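Data block below; observations after.
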There are 2 protein chains.
Amino acid sequence: MAASTLAEVAKLAGVSQATASRVLNGSARKPAEGIAERVRAAAASLGYVANAQAQALAKSSTGLIGLIVHDIADPYFSAIAQGVQAAARQEHRMVLLATTDGTPASEKDAVMAFAGRRAESIILAGSRSTRREDAGANAELAVELDRYCRNGGRVGTLGQPVAGLTETGSVHTVEIPNEALARELALALARDHEGPFVIVGGPEGLATSDDRIGGFQQGLAAAGRPAAEVVHTGFNRNGGFDAGDGIAGKITAAGAPRPCIFACNDVMAIGVAAALREHGLKAPRDAALAGFDDIEWLRDFRPSLSTVGLPLEDLGRLVTLGAISGEAGPSAVEGAVVLRHSTSTLV
Amino acid sequence: MAASTLAEVAKLAGVSQATASRVLNGSARKPAEGIAERVRAAAASLGYVANAQAQALAKSSTGLIGLIVHDIADPYFSAIAQGVQAAARQEHRMVLLATTDGTPASEKDAVMAFAGRRAESIILAGSRSTRREDAGANAELAVELDRYCRNGGRVGTLGQPVAGLTETGSVHTVEIPNEALARELALALARDHEGPFVIVGGPEGLATSDDRIGGFQQGLAAAGRPAAEVVHTGFNRNGGFDAGDGIAGKITAAGAPRPCIFACNDVMAIGVAAALREHGLKAPRDAALAGFDDIEWLRDFRPSLSTVGLPLEDLGRLVTLGAISGEAGPSAVEGAVVLRHSTSTLV
DNA sequence: CTGTTAGCGCCTTCAG
DNA sequence: CTGAAGGCGCTAACAG
């Protein structure tokens, strides 16, 4: 990576580095237009491209923002990433991307890598884990983030804040009202649905999943319904498929009532639908089915999926702008229950 | 971003910077274990995190790889990004992400930004444009990439190489056999399908789309069929929807034969299916429908979509490894026609 | 095996 | 308004 340097440009233009720097890279004081023109010509003829690393070192500001997601191929995260990218571009920042396996341990690694690169802010897009076995790694993650903040870094979190953080002054969290929305969804479904409820959630200890499960149960209780059975599985399409496979067996049992299945995200709901289909069952005829997120790519699925709409791209944009501007504290975003055909009673 | 520095660590440990550097950051020669321990202790107590910017400047190698996609929220690109990310992590690189609007002009901007950051390789994941009006921007893009290569950068391209590049020695292209596969698809469909063919493609001049259209027409010709009518529209879901809307009108016309619609990518095919549905039509009953890419998230769509499977994640992985290793020239990847229900004749 | 000395490319006071 | 000098944090040749 041996490009031409400012020194070369300056020499060619017959001026000092300082002058060349002032004309080429934004400086408060603009040199005389005659000189400026010479410098620009020299730069162009050499194909000069300022070394951002060196600039970053000199003014200790990198213009980098780090984005940590569980899986960039998951439409939930890629929609968020789109928003992050849009905000970053608008603010003249570049985004560094890291995907993790979802464990706080690998998130810690990503944070350290970003800290090493001196990213100005770090966005944690994935759900927090509250599993007992992750407690240690979570603590280490918090330590790393605290250190990062103490050194001047900003942190943006989506959904839940990171537990154990002390430098909360530089953390911006965009709260996703998972619990409240799941509660609303349950109330809406309880209105039309007679039979028992089943919740298909992610692994226990995945905060987003747990919040949605909890909220849904609250809603059921508020509607005077018994608590739903909860199936814990992978927080993805295949998890949903596995759970759906098991549920299908119960549905086909003689005399079983038609259940209402709440999958904790849309992708899982699709998995459930696929499993039901394999058993010759389909929503809403044999079971009502709802998801969460309202993933854009899934809107053309049939039966159209009842779900909770979340402005994913905005989420990414908001958390990024919040982190960049250094606004501490939480901001919030709105979602909305969307009832479609998969929970219809007009079969 | 004022973290503690190597100098501070060295002072605290009572050694020279060089020694501290040798123990903390990988060096060929390892200092005595006693000293090393002191240095590590000092680093830990200070929470030292090496400044990658400074390291990059000193050894002129950044460990950065730049990824340029049209739209990270598009499952086609996010699957590729996943592969790129995986390869990057394996090779201890970080990925910088840029999304463009798909025009060569904005791609040029991204290349310049990456060049400024001294990324060691740049991956261009999106289709090239051959539109007349993009000729100028394409040329500028080529100039920028050439300069980047001349300065030691590596370029990885997916699908088609960038036109007008002279520094081909440092460009690695993973070719996607769009034309051949589309041809195969046409042959397979012509076998079962009697009626006329319609192609729903992206805007004219989008290389990937044009290649698929061309290949499909070749296949039809080889099967002794008349050329298909081609509808040009947006290379995305909504484009497919618009085209499908128009086609639906013709299908419902009295006495019209059942057409076979080839949408140049899966997402467009979904749009077509949605539009047909709005007109009370559905595949395969009223029209056969095929896509391209075999996007994972769409496999649960019904009718299941006939398409051409592409190993998207591998594509990302391959182009990244190729670009990192500096292997010049093209490598290739295989795809396969997958016939599913949407083109079934057993209605 | 350790420490010293130069830079890497740029920005930014400070003089002139 | 311009030029000279020092420093950002680190690595890599040298010397000891």
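Since the structure is predicted, the reported quantities are computational estimates derived from the model, not experimental observations. Note on naming: letters A, B, ... go to the chains in the order of the sequence lines (proteins, then strands), and numbering restarts at 1 for each one.
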**Euclidean distance, atom CZ of residue B:Arg22 to atom P of D:dT11 [Å, nearest integer]** = 11 Å
**Asked** Starting at the 5' end of DNA chain C, which residue's closest nucleotide do you reach first, B:Ser60 or B:Val15?
**Response** B:Val15
**Request:** Round to a whole Å and report the spacing from CG of A:Asn51 to P of C:dG7.
**Result:** 18 Å
**Request:** Using the side-chain contact (heavy atoms from CB on, under 4.5 Å) rule, pick out the option among A:Val23, A:Val9, A:Val39 that qualifies with A:Val15.
**Result:** A:Val39
**Request:** Quickly work out the A:Lys59 NZ to D:dG9 P distance and round it to whole Å.
**Result:** 16 Å
**Prompt:** In terms of side-chain heavy atoms of B:Leu57, which of C:dC11, D:dA13, D:dG9 is nearest?
**Reply:** D:dG9
**Prompt:** How long is the line joining CG of B:Asn151 and P of C:dG9, in whole Å?
**Reply:** 11 Å
**Request:** Have a look at A:Ala50 and say if it touches a base, only the backbone sugar-phosphate, or nothing, with a 4.0 Å heavy-atom cut-off.
**Result:** sugar-phosphate
**Message:** I want to confirm an ordering. Mapping B:Ala18 and B:Gln53 to their closest nucleotides on DNA chain D, which one lands closer to the 5' end?
**Reply:** B:Gln53
**Message:** Of the options D:dG3, D:dT2, D:dC10, whose atoms approach the side-chain atoms of B:Gln17 most closely?
**Reply:** D:dC10
**Asked** Which part of the nucleic acid, if any, lies within reach of B:Thr5 when heavy atoms closer than 4.0 Å are counted: base, sugar-phosphate only, or nothing?
**Response** sugar-phosphate
**Minimum-distance nucleotide to A:Gln55 side chain [options: D:dC8, D:dC10, C:dC10]** = C:dC10
**Asked** Is there a side-chain contact between B:Glu107 and B:Arg128 (heavy atoms, below 4.5 Å)?
**Response** yes
**Message:** On DNA chain C, does the nearest nucleotide to B:Ser16 precede the nearest nucleotide to B:Arg118 from the 5' side, or the other way round? Give the residue.
**Reply:** B:Ser16
**Item:** Side-chain N or O of B:Thr19 closer than 4.0 Å to phosphate OP1/OP2 of C:dT2
**Value:** no
**Asked** Below 4.5 Å, heavy atoms only, C-beta onward: do A:Thr62 and A:Arg117 meet side chain to side chain?
**Response** no
**Item:** Rounded distance in Å - CG (B:Leu6) to P (C:dC8)
**Value:** 19 Å
**Prompt:** Does B:Glu33 come within less than 4.0 Å of B:Arg40, counting only side-chain N to carboxylate O?
**Reply:** yes
**Under-4.0 Å side-chain N/O to phosphate OP1/OP2 contact, A:Asn25 with C:dC11** = yes
**Complete:** Considering only heavy side-chain atoms of A:Ala58, the closest of D:dG7, D:dT11, C:dT12 is D:dG7
**Request:** Using a strict 4.0 Å threshold on nitrogen-to-oxygen distance, state whether A:Glu167 and A:Arg150 make a salt bridge.
**Result:** yes
**Message:** Can you tell me if A:Ser21 touches the phosphate of C:dC10, counting only side-chain N or O atoms and a distance under 4.0 Å to OP1 or OP2?
**Reply:** no
